[in-house]
J.: 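A single structure is presented below for examination.
Chain letters run A, B, ... following the sequence lines, proteins first, then strands; residues in each count from 1.
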Amino acid sequence: MAKKRVRPDPADCSAGAGFDMTPMIDVTFLLIIFFMCVTERADSSKAKLKLPVADKAEKDTPIPGRLLINVLKKGEVEIMGQRRSDAELEDVLELERQASVSDTGDEFPDRAILIRADEQTKYGDVQRVMGLCMKHKLWRIAFATKDPIMSQYERH
Amino acid sequence: MGAENKRDSGVDSVDGFTSMIDIVFLLLIFFILQPFKSPEKVMKSELPKRGPSENTIDITSPVRVSIKGVDDDVTFYVDGRLVGSSDEKVPAVIMRNANYSLEGIAIIIDPEQKVAFSHVISVYNHCFGLGAQKVSFAAPPAGG
């Protein structure tokens, strides 16, 4: 018996072929992972430095608006990707001082300045930054460090 | 007819697994990459609240760790006594000088200006490891 050719119903066609969401979800996930990694690396506030290693350091929980000071290998100070002289740094620290004190005159306890210095930076250059922080009555600081495991991974 | 139905259902289940495996792999990649996202850690410190030329801490007998040298060519001293060119023995000497109890004892880290910052952080890290409550940096020289 000859087979009767049946013209497919357009409604059935859409249901049968179906729109497969799987590859789209795959690609979306991969893009999310890609951009998460890229944005972390492209953070302009963090200069490319080889941070000193410390295994007893705490996990960093950044608060919005935290001042981040990069001290480069040769002692230059960089904030938000821009080199700053000591006079400019003092202006920034003065603004930070104003921002770190509430209307009642109390200091915000969690607002520590993050100093990121290269492991080969001379201590005197870091000390100079610390001295300027003290001059502007900014007592709370934190040093950025790297986990030893991560450090080994980078060396290989 | 019955056989066809069986075969069809088998194909469907394989298709279902494919997408599930895809998502499982993606989640695996995500969680493997997660630790690499923010590898930076922090060591908090509080700067002395006095002027730069004055003493740093109200403690009668702090343990002072000095680091002398240039860049990575350094020697470590605890209370003026030579420890060596490596900081490995520094924690033991600190504990000995503090009579094996850091209760109420402050540690002052006093590096020379040209010492590489990694050595300063290394000593600071050792002090954290000892559970020292008061670790401070020597005040910068007046006018410096």
J.: Roughly how far apart are Ser45(B) OG and Ile113(A) CD1, rounded to 0.5 Å?
T.: 12.0 Å
J.: Would you kindly say whether Gln113(B) and Asp125(A) are connected by a side-chain donor-acceptor distance under 3.5 Å?
T.: no
J.: So which part of Phe25(B) gets closer than 4.5 Å to some heavy atom of chain A, the side chain, the backbone, both or neither?
T.: neither
J.: Counting neighbours of CD on Glu88(B) that are heavy atoms of other residues, nucleotides or ligands and sit closer than 6.0 Å, is the number greater than 12?
T.: no
J.: Let's go through Lys44(B) and Glu58(A) carefully: what are the C-alpha distance in whole Å and the side-chain angles of both, what is the deciding distance for side-chain contact (heavy atoms from CB on, under 4.5 Å) to 0.1 Å, and is it a yes or a no?
T.: CA-CA 8 Å; Lys44(B) 290 177 182 168; Glu58(A) 301 167 27; 3.8 Å; yes
J.: Find the distance between CD (Glu40(B)) and CG (Leu49(A)) and round it off to the nearest 0.5 Å.
T.: 8.5 Å
J.: Applying a strict under-4.5 Å side-chain criterion to I, L, V, M, F, W and Y, I'd like to know whether Met134(A) and Val126(A) cluster together.
T.: yes
J.: Measure the CG-CG distance between Leu138(A) and Leu47(B) for me, rounded to the nearest 0.5 Å.
T.: 9.0 Å
J.: Where do Phe137(B) and Met130(A) land on the side-chain contact (heavy atoms from CB on, under 4.5 Å) test, with the steps shown first?
T.: CA-CA 10 Å; Phe137(B) 293 93; Met130(A) 287 159 68; 3.7 Å; yes
J.: Considering residues, nucleotides and ligands other than Phe29(A), do more than 12 of their heavy atoms fall under 6.0 Å from its CZ?
T.: no
J.: Check whether any side-chain heavy atom of Val53(A) lies under 4.5 Å from a side-chain heavy atom of Ser118(B), and answer yes or no.
T.: no
J.: So which residue, Leu27(B), Asp71(B), Val70(B), Ile67(B), ends up with the most heavy-atom pairs under 4.5 Å with chain A?
T.: Asp71(B)
J.: Can you confirm whether Gln120(A) sits close enough to Asp72(B) that some side-chain heavy atom of one is under 4.5 Å from a side-chain heavy atom of the other?
T.: yes
J.: Kindly say whether Val42(B) contributes a backbone atom to a donor-acceptor pair with the side chain of Asp60(A) at under 3.5 angstrom?
T.: no
J.: Please name the residue in the list Asp147(A), Thr145(A), Asp55(A) that meets the side chain to side chain donor-acceptor pair (under 3.5 Å) test with Lys41(B).
T.: Asp147(A)
J.: Are Ile141(A) and Trp139(A) linked, directly or through intermediate hydrophobic residues, by side-chain heavy-atom contacts shorter than 4.5 Å (ILVMFWY only)?
T.: yes
J.: Only distances under 3.5 Å count here; give the side-chain donor-acceptor pairs of residues 102-112 of chain B to other protein atoms, sequence neighbours excluded, each with its distance to 0.1 Å.
T.:
unit_1    : atom_1 : unit_2   : atom_2 : d
Asp110(B) : OD2    : Arg64(B) : NH1    : 3.0
Glu112(B) : OE1    : Gly69(B) : N      : 3.1

J.: Is Ile32(A) close to chain B through its backbone or its side chain, or both, or neither, when contacts mean heavy atoms under 4.5 Å?
T.: neither
J.: Let me confirm one number: the CZ-CZ distance from Phe117(B) to Phe143(A), rounded to the nearest 0.5 Å.
T.: 4.5 Å
J.: Is the count of non-hydrogen atoms from other residues, nucleotides or ligands lying under 6.0 Å from Glu76(A) atom CD greater than 12?
T.: yes
J.: Kindly compute the distance separating CG (Leu130(B)) from NZ (Lys56(A)), expressed to the nearest 0.5 Å.
T.: 9.0 Å
J.: Do Met80(A) and Val71(A) land in one hydrophobic cluster if side-chain heavy atoms of ILVMFWY residues count as linked below 4.5 Å?
T.: yes
J.: For residues Met95(B) and Val135(B): do they belong to one hydrophobic cluster (side chain heavy atoms under 4.5 Å, members Ile, Leu, Val, Met, Phe, Trp, Tyr)?
T.: yes
J.: Is there a path of hydrophobic side-chain contacts, each under 4.5 Å between heavy atoms of I, L, V, M, F, W or Y residues, that connects Phe34(A) with Val27(A)?
T.: yes
J.: Between Met43(B) and Ala54(A), which heavy-atom pair has the shortest distance, and what is it?
T.: SD-CB, 3.7 Å
